[in-house]
*Asks:* 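Below is the structure I would like to discuss, written out as structure tokens.
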Amino acid sequence: MVMLARRVSAVGGSCARPRRPLPQHHPPRRLLGGGIAKEVKFNLRELDKKWHARSQQPRWHRLREPTEKTAYVLPMFPYPSGTLHLGHLRVYTISDVLARFKQMQGYHVLHPIGWDAFGLPAENAAIEHGMHPKEWTMQNISAMKKQLRAMGGRFEWNCELHTSDPNFYKHTQHIFLMLYKRGLAYQAEAMVNYDPVDKTVLANEQVDANGCSWRSGAKVEKVMLKQWFLKIKDFQDALLDDLDVLAENGRWPERVLAMQRNWLGKSEGTLLPFEIHTKESGTQLGSTEVFTTRLDTLFGVQYIALSLKHPIVQKLAQDDGPLRAFLDRPQDLPQDSKEGYLLPGIMAKNPAGVIAPGVALDVPVYVAPYVLDDYGSGAVMGVPGNDTRDHAFWRANTENSSIKQVIIGEENTATKTLFPDTSDDRPIVAKGFVGSDVPEIGGLTSDEAMNAIFERLHASSVTVEKKTNWRLKDWLISRQRYWGTPIPIIHCASCGTVPVPRSDLPVRLPDLPGKDFQKMTGNPLAEDPNWKICKCPKCGSGAERETDTMDTFMDSSWYFFRFPDVENMATPIQPTRASANLPVDIYVGGVEHAILHLLYARFISKFLATTPYWPDGTAHHGEPFKHLITQGMVHGKTYSDPETGRFLHPREIDFTNKADPRISRSGEEPKITFEKMSKSKHNGVDPNTTIAKYGADVTRAHMLFQAPVSDVLEWDESKITGVQRWLQRVIRLSKVTFIPPTVMKSFCPLPSLDLPTIELLGALRQKKVLKRPPIPDGSPIILNREEALIASLKPNEQIFWSRVQEITSSVTKSYAESYSLNTIVSDLMTMTNLIWDQQHTSEAMSYLRFTATLNLLRMLAPIAPAVAEEGCEQLLAVATEHIGHLPDHPLARRMYRSVFQLGIPVADLDIIPALNPTTVCVFQVDGKKKFDCKIRTPPIQILKNHKKTQQWVLDQIAATEQGNEWLEMGKGKLWKIKATDEQPHAEYPQLPESWTPVLVKNGKLVNVVSRKMGKGKKDSSSQFDPATSEIFEPRLLQTMEPDGRKGGSIE
Ligand SMILES: [Zn+2]
């Protein structure tokens, strides 16, 4: 049988190695001292200067062979606030690492960056300081660019863009006009959220749960205005359905999908009428439609709530002073307000009455701010027994009123009555069974009841209708502000709204002098007649420009189409470029953008996929982002006074004893927590200070190591030293002092970097580095070439090389599939120590360690590029001496430029079973099986010696958990079988002296026999005779695959 030396792609290969717990917050112990206290410190900061400039060269792409494969890795572009914070640093580090990895994998990588440059803060700063928003924005961009370069990120600066550039917003306007021509942009009078502080309209999404602006924090007012909307609702089915596509293979995080689903808010229910009348006279006031998803709770309706703008409410308010006062107030109320106004003497008739005649089902009617005008028809039914919000509303607005619970958890149970302040006073929200005492439908399941009620109502000619409701509303894009993309529309008295002709784009913002912005209120565009007054493009008569600008989410909804074709002046993107580069392969950003930005970007992309600009779009369902990585927030170490809870400035802390900081004033121990960074908590960290102190690579590696990318990162600088020591050790390792001078004399690295193990060993054999396997002539063992090559490595070398393959596979898998970047750092730390800890056992070992070190540096390069470059330079300085005669050697001076040209190493997983073969060994005591365990198969070098093989197998067994239970000297179960205190066996110290091991089939079975048993009658159950048992097997491979399985890996 020939072992195929198949080259295994580490990415596609299978590695069944179980995930071990990560040393997440503790760097490997050895790095913290223990034996290497005198490590020479290398100044890692110096490396930034030396290597960053080199990696910014545009020729960087040519380090790898030209390829057709492209990878588009994109971090969400920043708002130019002026300062780069740790959250930014985290997102750009993640994207930079993945982009560099893709480059090393052989992709032509696009990793661009731009600026989300329009928006209110610029305008507010302009108003405050009397400067043009553009000036403020460009200053901030240039400051942040400097900071970005310091972190060692490699971006495509030649396609940098900013959305306030007319060359960019020209195309934003073009996309708007395409939407307009398709009927997807329209103007409508609408009740809008108005921010009285920023003096602008806000989208619903920009109003928080307390009814405050997301930006200014001001209480939002409701006003009627004519606004521009985009018909995102036309795409709602696709936006919902295609979430399933994004869920495949975990392409998008589940929680983001859930948030999108929830935001779209599709619900299927029933529309049914409630008639409203006066209690006394029965005068009909009209009928209102109510939408419910839970028709099964109809018999539990205890009130109806109407929205503030409901026509019946508006009509009643004319004669109801207190109601008018109530209507005027609730602008200030949060949307989840429990406030309600009971309409005196007004009742609503529950249509359930037609199913159960004679049952009193009239209910009171409230006016409540929580009822929205635009969801259904501005009226909802209240079921306090089976809905949490309705329950809270009922308890807040009634006194001592009992609640009827009609849906019950158990079958055949009567309805329940809930009383306030009792332990039972809780709604049952889940579906269940209709209470058995409910007329006509008692005992049905919720689903059966919904059907039955619908059918009965329908049969009684009540107008019921099945209806699908969506929470999603059309996207309001109008903003009454200066610093945004002007909406390219002209209003003409005779022609109506006229789109600006494409040839007239961009509609530029008027270039107002900076001082004009000082103390400005309202919309500068509306107040600039020079800009506003224009000619109608259709009839030529006097007309006015639209003075609204677009929501900045419009800019960010398509900017990623622009990077691949940023020079293109005529169109947003050439179709060929779009199809070649989109969708974005990996999109990285904060989870705070999980709803709006991603929803709008998906909408506009789906739209562009229906235009000629993205011909391949439909093949991708118009989805713009193939993989999404949402990184968690960065929290800062926060000190507070345990007594008062006051946040303490680090200045107020005494750090004399770093392990035990104290509050300077009181000497007390401060409370230490990790919280969102903010000025008031004094816990902010300036990433540039950290980079200046430790170097970019240490900062990057520490940031990745501290937490999985999607988790909150607790930034604790005191833990950075572990990473610092590790990278210093990598640099030391790269000096390859582990190669003894005698070996070094003729040391010449192999010309091929990623040889499968067998070929690597073959090449070493040819160089006479690898000696023949120590199998004596005339031995019954016959080896083929592969087996002989492996057997010429010593057992420790085999284990070492198999671990190197495992780690390589794990690292490449984490880079390519799971994006588990913290695992990569921990794997690379393990690999560093593994190489470091090996002994020099042969000349071959020098080659294995050299290759492993080179591979370590190649895998480290995306994370710590400067350290990897420096390490490689050192490594090759040693090696290249001897390859001068090989000018085409990839490591020769003529060929080698950068570690990034060497690519990512390929793990040879297929070789692991041969390098580290395992056997399932049955352990018997006096012929009775006690357990079985997996052990490393005895190496071929010792198989000829029976005693040595037995010792090896017993050693292996003793090292397992169960083996230790039995064999631990003096304490193990075997040692307890005979009461006397026995001495250890002279040859097999794992056993008490009166026991003898009997090995069968090279370790597939070990029977330990007590002297009495061994000497006396033979145990019939064991069925073997040690004298005749098969000790040698003719083929090594048979011992490698004891249970008939092929391949497999170590567990
Ligand atoms: Zn006109």
Side-chain angles (χ1 to χ4, degrees), residues 118 123 163-192 194 199-201 203 223-234 473-512 516 520-555 557-558 569-572 603-604 607-608 610-613:
F118 271 136
E123 198 164 342
T163 56
S164 58
D165 179 350
N167 287 331
F168 180 89
Y169 70 67
K170 171 185 176 176
H171 305 293
T172 312
Q173 291 172 336
H174 175 49
I175 291 171
F176 174 89
L177 290 179
M178 287 196 294
L179 289 158
Y180 179 81
K181 278 171 194 158
R182 284 268 291 273
L184 293 168
Y186 66 95
Q187 219 179 359
E189 188 84 21
M191 173 80 80
V192 293
Y194 187 76
K199 297 191 176 57
T200 189
V201 166
V223 294
M224 289 297 272
L225 269 181
K226 210 167 187 195
Q227 304 283 305
W228 283 97
F229 290 88
L230 298 184
K231 273 192 187 167
I232 189 173
K233 280 181 74 66
D234 275 20
K473 292 175 209 79
D474 275 346
W475 175 15
L476 195 168
I477 59 155
S478 280
R479 297 291 181 272
Q480 290 72 47
R481 299 299 299 231
Y482 172 83
W483 196 233
T485 304
I487 293 177
I489 290 287
I490 289 167
H491 299 281
C492 167
S494 37
C495 308
T497 49
V498 182
V500 173
R502 252 192 85 182
S503 54
D504 290 354
L505 296 183
V507 175
R508 287 170 186 268
L509 287 168
D511 198 11
L512 305 177
D516 281 17
M520 190 178 264
T521 57
N523 179 0
L525 297 185
E527 285 150 30
D528 182 0
N530 291 336
W531 184 83
K532 191 171 150 186
I533 309 291
C534 63
K535 281 216 167 96
C536 169
K538 237 183 188 171
C539 69
S541 57
E544 284 189 4
R545 291 192 185 282
E546 171 61 59
T547 59
D548 284 353
T549 54
M550 296 181 212
D551 178 6
T552 55
F553 275 122
M554 184 67 193
D555 309 324
S557 70
W558 80 277
M569 290 300 139
T571 59
F603 160 49
I604 295 298
F607 167 70
L608 288 174
T610 67
T611 70
Y613 288 122

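Just follow the structure's listing: the first ligand is 1, and inside any ligand the first atom is 1.
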*Asks:* Under 4.5 Å between any side-chain heavy atoms of Gln480 and Asp548, yes or no?
*Replies:* yes
*Asks:* For the Zn ion (ligand 1), what is the number of protein N, O or S atoms at a distance under 2.8 Å?
*Replies:* 4
*Asks:* Mind checking side chain to side chain donor-acceptor pair (under 3.5 Å) for Thr611 and listing every partner two or more places apart, or none if nothing turns up?
*Replies:* none
*Asks:* Looking only at the aromatic ring of each residue, does the gap between the centers of His174 and Tyr613 stay below 6.0 angstrom?
*Replies:* yes
*Asks:* Keeping the roles fixed (side chain from Tyr169, backbone from Leu509), state whether a donor-acceptor pair exists under 3.5 Å.
*Replies:* yes
*Asks:* Quick one, Trp558 with Phe168, criterion ring pair (Phe, Tyr, Trp, His ring centres under 6.0 Å). Give me CA distance, side-chain angles, the key distance, then yes/no.
*Replies:* CA-CA 11 Å; Trp558 80 277; Phe168 180 89; 4.6 Å; yes
*Asks:* Just so I know, are the side chains of Glu189 and Gln227 near enough to count as touching, which here means a heavy-atom distance under 4.5 Å?
*Replies:* no
